[in-house]
Amino acid sequence: MASDLSSFGDQVVLVVGAASGIGRAAAHLIASRGGTVVIADLDEVGLASLQKELGLADKQVKSVNMGDQSSIHALITSVVSDYGQIDALINSAGVVGPTNTKVEDVEWPAFERTVTINLFGTVWITQAILPHMKARKYGRIAHIASIAGKEGNPGMHAYNASKSGMIGFIKGVGKEVAAEGITINALAPAVIRTPMNADTSDETLKYMLGRIPMGRVGEPEEAAEILAFMVSRACSFTTGFTFDASGGRATY
């Protein structure tokens, strides 16, 4: 075991949703700390540019659709086949879904797509990866939820439901695998400067920014620092928990 618990030497870290935003920042940070990073996303252009930046081999770049259970299983099987291990997972994939929309006006296909990718995808990838971690008696899992999963944002009903569901799911799994050398935690950011927020209405963004005591959006690198701890050896006595990255918006 490395004496520096923040080091990822000899570890394979899978980063899903790595093509942009928080996932991209996390991939950079984990790689800088010695980890063998495997990046996955549907955005082939974003993955290609990140591969070039990090100097990754082709087998470190994977395509995955988080709204498709079979695609998720294929991803985990591929990484295990390539490396024989997955020490840590960072799942930052997600969609915003409808914003600035009254609940009675939300169209079901849009609601369902948001919940499928954000919540079902979280469940599916956790189910797929846990057997491999259990076999090795070690693992770190970090899913990106949202402050919306704690407090709710008006006009973002599908997103609120999906992220709240993630938090509840992670609480239960954390207790279930607590004695097996595996930790699973959530990160609940407030507004972060990412391409994902390009789909959020100006009115909703103004509402969310107005609730952050620091008076600014967060940066992807700030969230990545917390994620790096969450999937490191140092995170050995915290599981089923939701860390905040909210500029003071939530303090519980």
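Not measured: the values here are computed from a predicted model. Along the sequence shown, the residues carry numbers beginning at 1.
Scanning for ring-ring contact (aromatic ring centres under 6.0 Å, His included) contacts around Tyr207 gives an empty result, with sequence neighbours left out. Take Phe120 and apply the ring-ring contact (aromatic ring centres under 6.0 Å, His included) test, not counting sequence neighbours, and it matches Trp124. Not counting sequence neighbours, the partners of Lys171 by the side-chain contact (heavy atoms from CB on, under 4.5 Å) test are Ile167.
No side-chain N or O of Lys150 forms a donor-acceptor pair with one of Thr242 less than 3.5 Å apart.
Side chains of Val13 and Thr36 form no contact here, defined as non-hydrogen atoms less than 4.5 Å apart.
Sorted pairs that involve residues 65-80 and meet salt bridge (Lys or Arg N to Asp or Glu O under 4.0 Å), not counting sequence neighbours, are lacking altogether. Here ring-ring contact (aromatic ring centres under 6.0 Å, His included) pairs that include residues 90-119, with residues two or more places apart or in two chains, are Trp108-Phe111.
Linking Ile, Leu, Val, Met, Phe, Trp and Tyr residues whenever their side-chain heavy atoms come within less than 4.5 Å places Ile22 and Phe229 in a single cluster. Tracing side-chain contacts under 4.5 Å through hydrophobic residues (I, L, V, M, F, W, Y), one reaches Tyr159 starting from Val217; they form part of the same cluster.
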Salt bridge (Lys or Arg N to Asp or Glu O under 4.0 Å) evaluation trace for Glu225 with Arg33: CA-CA 11 Å; Glu225 284 287 352; Arg33 294 182 181 174; 3.0 Å; yes
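From Lys62, atom NZ reaches atom CG of Leu42 across 15.0 Å, with rounding to the nearest 0.5 Å. Atom CE in Met230 sits 9.5 Å away from atom NE2 in His143 (nearest 0.5 Å).
A salt bridge links Arg136 to Asp87: one of the charged nitrogens lies within less than 4.0 Å of a carboxylate oxygen.
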In a table with atom names and distances, give each donor-acceptor pair under 3.5 Å that connects a side chain of residues 45-54 to protein atoms at least two apart or in another chain.
unit_1	atom_1	unit_2	atom_2	d
Ser49	OG	Arg24	NH1	3.4
Ser49	OG	Arg24	NH2	2.8
Ser49	OG	Gly46	O	2.9
Gln51	NE2	Leu56	O	3.1
Gln51	NE2	Asp58	OD1	2.9
Glu53	OE1	Arg24	NH2	3.3
Glu53	OE1	His28	NE2	2.7
Glu53	OE2	Arg24	NH2	2.9

